[in-house]
Amino acid sequence: MAMATSGTGARRAEQVLQRLRVQPPAIWYRGEQVQDVTTHPALQGGVHTLAHLYDLQWEKADTCLFDSPTSGNKVARSFMLPRTREELESISRAMKVWEDHTHGMMGRVPDYINRAMSGYAAGAAFLAEADPRFGENAVRIHEYLRENDLCLTHTLIPPQANRAASAAGQADPFLAARIKEETDAGIVIRGARMLATLPISDEIMVFPSTLLKNPDEDAPYAFGFTIPNNTPGLRFICRESVDYGRSHFDHPLGSRFEEMDAVVVFDDVFVPWERVMLHRDVKRCNEAYARTGAVHHMTHQVVIKNIAKSEFLLGLAYSLVNSIGAESFQHIQEKLAEIWVNLETMKAFLRAAEADAALDEWGVMRPAWNPMDAARNLFPRLYPRMVEIIQQIGASGLVAMPTDADINGPLAGDIRKYYQAARAEAHDRIPLFRLAWDASLSAFASRQVLYERFFFGDPVRMAGALVGSHGDEIRRYADTVMAFVREGRDEAFSSTST
Ligand SMILES: Cc1cc2nc3c(=O)[nH]c(=O)nc-3n(C[C@H](O)[C@H](O)[C@H](O)COP(=O)(O)OP(=O)(O)OC[C@H]3O[C@@H](n4cnc5c(N)ncnc54)[C@H](O)[C@@H]3O)c2cc1C
């Protein structure tokens, strides 16, 4: 379907739900195609939270929306190409609204890809160097997404079949999504991509990871485009839901924030040229995130998520401690302090990234990279530790935890008596500990930990990339150290020789 760049601007919840009903993504769950994600028990909790975010942006319109530069419509601020530090900070404040609402537990609120596509539109000239149409497409797609306020998922990496071989080196050349044929009208993709979080969205951004190595072999796997999630031949195969379909009382996080992850299958999916931004150019694919600024703008969003998540875990840890009267124990204080330091570290990274932001080669205000690169490499280690702290504080309280059925059942008297805490009646203590369980022990909690460990990439290879890209800076420190070493050495040798 052709893209109409005109639209009505920022959406509201009902429009989000209506579009998902009318243009349903091809989502498969436990062997069946989901007919309506807005009512399906495994998905509807996350879908309704997602939709609510769009009402929230209107409730906080001054913070979350701005006037479209093309239509004058009110549009989401996360589509802005900031030209000043003030504009960049205004995007931060807007993104914090959704992160506060989801407590950072929905990694893929639409801001994430909105920032990525804004980066690609900003760096359109880089894409246009390969073909002027690709640059024009990036600008037009960004405008189309912004004016229609669409929500995107994205998928980058090939299936985890044989990691010792590249996409081209797999037993089946069409295991990883690959260009099967090309016509005057567009390209046809066959194969799969490993993962897309938030398949309950309108469109998908299919971009390369930065792992393509061989310019010739990998060329058929090198492409970047967006297409609607209901494009013929596109299928999403979901993992099992971590929303057990229970009440907010029983399952406070899973019942609200299940964003779902899915393998993406391209069964000869046709992609018109007007949707293509990168094509068969391995080197350009590998450089695209950094050169356009997409990775900077995405990481900016991620750091704000990290702050909201740390704030939530700090508040949760303190509430547990307070309820059971454990605040005087030194190791408990040490643990609270640890989370607080993590939070302040993330806030400091954000502040440094914004304070040192500078106009990039495309005239867009780009958050400074070093603090953000540090944040994205550090948080995957901080988050599992903070979850461990919740377990260490909650202890058996995380399993001594009745459901709302027990509370309203024949044992209600027992529950009132035996589930009280030093500073909480049973009816306050139980939901608090259920929340702590859902943040640290449930399937929802484990998936959050896995998400934080991996969603931005394999931490081992990210660390390798970090050392590579900050090599000059690291070597400058090494030079200082070696000069210091030589000073001592020269002194020693000169005294030996006298
Ligand atoms: C919850 C969740 C949500 C995600 N959402 C998305 C999404 O929306 N879109 C998307 O595109 N991706 C998504 N990802 C995927 C994410 O990008 C990958 O998990 C990440 O890039 C690591 O790749 P992998 O999972 O295939 O691990 P693998 O690459 O298969 O690694 C498995 C293990 O082998 C090691 N290993 C593999 N290759 C090497 C190597 N060359 N050198 C050293 N060690 C190696 C790794 O260190 C790791 O320990 C998501 C992941 C998770 C867990």
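Every number for a ligand or one of its atoms is a count from 1 in the order of the listing.
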Inset, instruction - Using heavy-atom distances, let me know which of Asp458, Val449, Leu195, Asn162 sits nearest atom 22 (C) of ligand 1. - result: Asp458

Inset, instruction - Among all protein heavy atoms, pick the one closest to atom 15 (C) of ligand 1 and tell me residue, atom and distance. - result: Ile157 CD1, 3.9 Å

Legend entry - Min heavy-atom dist Met194 to ligand 1 below 4.0 Å: no

Inset, instruction - Just jot down the ligand 1 atoms closer than 4.0 angstrom to any heavy atom of Leu450, in number order. - result: 53 (C)

Inset, instruction - Among all protein heavy atoms, pick out the one at the shortest distance from atom 32 (C) of ligand 1; state its residue, atom name and that distance to 0.1 Å. - result: Gln160 NE2, 3.7 Å

Legend entry - Pi-cation contact, Phe266 with Arg190 (under 6.0 Å, within 45°): no

Inset, instruction - Consider only side-chain N and O atoms of Asp243 and Gln44, and report whether a donor and an acceptor are under 3.5 Å apart. - result: no

Legend entry - Under-4.0 Å protein heavy-atom contact, atom 34 (O) of ligand 1: no

Inset, instruction - Answer yes or no: is there an ion pair linking Arg291 with Glu361, defined by an N-O contact shorter than 4.0 Å? - result: yes

Inset, instruction - Determine whether any heavy atom of Arg108 lies closer than 4.0 Å to an atom of ligand 1. - result: yes

Legend entry - Nearest-contact summary for atom 21 (O) of ligand 1 - protein heavy atom, Å: Gly457 CA, 3.4 Å

Inset, instruction - For His103 and Asp100, indicate whether the former's side chain and the latter's backbone hold a donor-acceptor pair under 3.5 Å. - result: yes

Inset, instruction - Do me a favour and list the nearest non-hydrogen protein atom to atom 3 (C) of ligand 1 with residue, atom name and distance? - result: Thr197 OG1, 3.2 Å

Inset, instruction - Compute the shortest N/O to N/O distance between His154 and ligand 1 and return yes if it is under 3.5 Å, no if not. - result: yes

Inset, instruction - Establish, for the pair Arg11 and Tyr54, whether the NZ or CZ atom is under 6.0 angstrom from the six-membered ring centre and no further than 45 degrees off its axis. - result: yes

Legend entry - Over 12 foreign heavy atoms within 6.0 Å of CZ, Arg163: yes

Inset, instruction - Among all protein heavy atoms, pick out the one at the shortest distance from atom 19 (O) of ligand 1; state its residue, atom name and that distance to 0.1 Å. - result: Phe454 CB, 3.4 Å

Legend entry - Arg239 and Glu258 ion-paired at < 4.0 Å: yes

Inset, instruction - Report yes if some N/O of Leu156 lies less than 3.5 Å from some N/O of ligand 1; otherwise report no. - result: yes

Inset, instruction - Please check if the distance between the ring centroids of Phe223 and His279 is under 6.0 Å. - result: no

Inset, instruction - Can you sort out which atoms of ligand 1 are near Phe455, meaning under 4.0 Å from one of its heavy atoms? - result: 17 (O)

Legend entry - Protein non-hydrogen atom found under 4.0 Å from atom 10 (C) of ligand 1: yes

Inset, instruction - Do me a favour and list the nearest non-hydrogen protein atom to atom 41 (N) of ligand 1 with residue, atom name and distance? - result: Arg461 CD, 3.7 Å

Inset, instruction - Starting from atom 26 (O) of ligand 1, find the nearest protein heavy-atom neighbour and note its residue, name and distance. - result: Arg163 NH2, 2.6 Å

Legend entry - Over-ring placement of Arg178 relative to Phe174, 6.0 Å and 45° cut-offs: yes

Inset, instruction - Using the six-membered ring wherever Trp is involved, compare the ring planes of Tyr383 and Phe379 and label them parallel, tilted or perpendicular (cut-offs 30° and 60°). - result: tilted

Legend entry - Heavy atom of protein closer than 4.0 angstrom to atom 5 (N) of ligand 1: yes

